[in-house]
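Excluded from the calculations below are hydrogen atoms, water molecules and symmetry mates; all remaining heavy atoms, backbone and side chain alike, are included. Remember, it's a predicted structure, so these values are computed and weren't measured experimentally.
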Amino acid sequence: MRSLIAMYQRIGLVPLIIIGLILGVLIGWLAPSVGIALGLLGTLFVGALKAVAPILVFVLVMAAISQHRSGNEVYVKPVLIMYMFGTFLAALTAVGASFLFPTELVLVNTTVEQVPPANLKEVLTNLLMNLVANPVNAIAEANYIGILAWAIIIGFALRQASDTARTVVGDFANAISQVVKWVIALAPFGILGLVANTVAETGFASLAGYARILMVLVGCMLFIALVANPIIVLLKTGKNPYPLVFTCLRESGITAFFTRSSAANIPVNMNLARKLGLHEDTYSVTIPLGATINMAGAAITINVLTLAAAHTLGIEVSFASALLLSLVATISACGASGVAGGSLLLIPLAASLFSIPNDIAMQVVAIGFIIGVIQDSAETALNSSTDVLFTAAADPKYAR
């Protein structure tokens with residue numbers, strides 16, 4: 001058994017994930033019943049990540065704050081600036097692509113069970129209320145805004161505690177981090193199950209009718225990931241950004257693509273930030289915060305699908321209204337939940353800017369869920385990998 005574990009570790013996590021990905025596609029395609037059965041592996045893996053992420057964030061942030069000493073600089077502010085600028089740039093990119101490649105939607109009548117927010121005020125109110133949520137409920141419900149708020153408050157309070165108490169908190173944080181490493185080590189099996197189940201259930205033909213809208217969505221996300229984000233990192237660091245960009249996409253983006261949850265990918269990003277040698281006081285805050293507010297992919301989804309609906313209905317969109325849509329999408333995307341499909345429920349809010357009826361907007365949301373196997377996966381991969389990318393860009397190890 002020890003020799004098998006040693007061989008498993010020697011191969012490396014990323015090659016094993018790629019092997020699991022290829023096997024998952026083959027099994028889901030050639031033996032759908034087996035692929036569906038293997039979906040349990042994926043469910044268990046994502047469930048484990050989601051279960052450990054809230055307590056990981058709470059304990060790491062609390063430990064980092066409690067043991068922080070004056071003079072130890074943190075770099076949260078520049079990361080937040082990059083988060084907001086990157087999201088707005090993504091929204092503008094989506095608008096430009098929608099004008100260059102106008103797309104008509106074949107509207108469907110599928111019922112969407114979730115209730116979208118009525119207006120921007122409701123989105124912002126929910127964000128503020130999450131700040132003051134009961135800390136136990138925040139951890140149980142994976143409310144990362146609330147988790148961060150309480151972890152910071154308790155961390156500051158623990159600064160007055162004895163050295164022994166702070167040591168215990170630090171040891172507990174190390175123990176949770178070790179649990180995360182064990183869970184991440186099982187990622188190849190989880191990815192195999194997720195891919196096999198997805199291919200077995202949806203196949204490839206079901207997405208053919210939505211090829212054009214998918215090309216616009218994924219094209220925008222690739223542009224942000226491979227062009228816009230590297231430019232931002234270059235401006236911040238003055239160095240060739242692509243080694244860091246490809247590292248983040250490979251080690252964070254792949255798992256995020258298949259888990260389709262920024263929240264579930266928080267442990268993966270924490271582990272990657274640690275491997276990169278980043279400042280723990282910084283990444284313990286910016287990565288969970290990024291899972292909530294760094295939503296370039298969500299801004300793209302909101303804008304592309306909203307403008308596709310406007311084009312389908314023959315609504316003229318002026319430059320001023322497109323700019324307003326970009327601002328609304330940037331702010332609204334911060335309220336997108338860190339779970340699969342979170343951004344889609346914000347489409348009716350954006351659609352209301354063009355007086356698109358709510359029943360039409362909800363049909364667009366339904367289309368989003370249909371293409372979600374690609375759209376939401378690519379969106380989450382962009383969002384989550386960018387959390388680590390921008391955190392690294394602000395770190396003294398990379399920043400100039």
Side-chain angles (χ1 to χ4, degrees), residues 75-101 120 123 213 215-242 244-246 248-249 252-253 256 262 269 286-287 289-308 317-336 338 342-343 346-347 349-350 353 375-376 378-394 398-400:
Y75 309 93
V76 174
K77 183 178 177 180
V79 179
L80 295 182
I81 293 172
M82 285 188 284
Y83 281 170
M84 299 311 297
F85 179 73
T87 300
F88 182 65
L89 187 60
L92 288 178
T93 299
V95 169
S98 296
F99 282 146
L100 288 173
F101 307 102
L120 188 58
V123 173
I213 193 69
M215 287 176 62
V216 176
L217 283 165
V218 175
C220 288
M221 293 177 193
L222 287 173
F223 177 83
I224 294 298
L226 299 176
V227 179
N229 282 352
I231 291 174
I232 294 173
V233 173
L234 175 63
L235 293 174
K236 179 63 179 174
T237 65
K239 303 173 184 176
N240 178 9
Y242 283 100
L244 183 60
V245 168
F246 290 136
C248 294
L249 288 173
S252 172
S262 296
N269 283 350
T286 60
I287 286 178
L289 189 60
T292 302
I293 69 169
N294 182 35
M295 292 289 174
I300 289 170
T301 296
I302 293 167
N303 279 10
V304 168
L305 287 176
T306 299
L307 291 174
V317 179
S318 65
F319 173 79
S321 58
L323 184 62
L324 177 60
L325 174 64
S326 297
L327 290 171
V328 170
T330 300
I331 298 170
S332 299
C334 296
S343 62
L346 295 169
I347 290 172
L349 169 60
L353 295 175
Q375 167 269 322
D376 197 38
E379 175 185 315
T380 308
L382 173 61
N383 291 342
S384 196
S385 62
T386 305
D387 295 345
V388 186
L389 178 66
F390 286 168
T391 298
Y398 294 96
R400 55 181 169 184

Problem set entry | Donor-acceptor side-chain pairing of Asn303 and Ser98 below 3.5 angstrom | no
Problem set entry | Minimum-distance pair of heavy atoms, taken over all atoms of Leu249 and Ser385 | CD2-OG, 3.5 Å
Seminar exercise, completed: Applied to residues 222-234, the side chain to side chain donor-acceptor pair (under 3.5 Å) test, sequence neighbours excluded, yields Asn229-Thr386
Exercise. Just wondering, do Leu289 and Val79 contact through their side chains at under 4.5 Å, heavy atoms?
Worked result: no
For this session: Please report the closest heavy-atom contact between Ile302 and Thr306, naming both atoms and the distance.
Result: O-OG1, 2.6 Å
Exercise. How about Phe85: does its CZ atom have over 12 heavy atoms from other parts shown lying under 6.0 Å from it?
Worked result: no
For this session: Might you point out which heavy atoms bring Gln375 and Met221 nearest each other, and give the distance in Å?
Result: O-CE, 4.1 Å
For this session: With sequence neighbours left out, write down each residue that passes ring-ring contact (aromatic ring centres under 6.0 Å, His included) with Phe246, or none if nothing qualifies.
Result: Tyr242
For this session: Can you see which heavy atom on Pro230 is nearest to which on Pro241, and at what distance?
Result: O-CG, 3.3 Å
Seminar exercise, completed: Sequence neighbours excluded, the answer for side chain to side chain donor-acceptor pair (under 3.5 Å) partners of Ser326 is none
For this session: Would you sort out whether Val227 and Leu222 count as a side chain to side chain contact (heavy atoms under 4.5 Å, CB included), showing the intermediate values?
Result: CA-CA 8 Å; Val227 179; Leu222 287 173; over 6 Å; no
Problem set entry | Smallest separation among heavy atoms of Thr301 and Glu379, with atom names | OG1-OE1, 2.7 Å
For this session: Would you check if Leu382 and Ile300 make a side-chain contact, meaning some heavy-atom pair closer than 4.5 Å?
Result: yes
Exercise. Is it true that a side-chain atom of Tyr83 and a backbone atom of Phe390 form a donor plus acceptor pair closer than 3.5 Å?
Worked result: no
Problem set entry | Interatomic spacing from CG in Asn269 to CG in Asp387 - rounded to 0.5 Å | 5.5 Å
Exercise. Which one of Leu307, Val317, Leu323 satisfies the side-chain contact (heavy atoms from CB on, under 4.5 Å) criterion with Val95?
Worked result: Leu307
For this session: Grab the two heavy atoms, one from Ala308 and one from Ile213, that are nearest each other, plus how far apart they are.
Result: CB-CD1, 3.9 Å
Exercise. So, the side chain of Thr237 versus the backbone of Val233: is there a donor-acceptor pair under 3.5 Å, distance only?
Worked result: yes
Exercise. Got Asn294 and Asn383 here, is their nearest side-chain heavy-atom distance under 4.5 Å?
Worked result: no
Problem set entry | Minimum side-chain heavy-atom gap Leu80-Ile293 below 4.5 Å | yes
Problem set entry | From CE (Met215) to SG (Cys220), nearest 0.5 Å | 11.5 Å
Problem set entry | Gap separating the CG atom of Leu92 from the OG1 atom of Thr87, nearest 0.5 angstrom | 11.0 Å
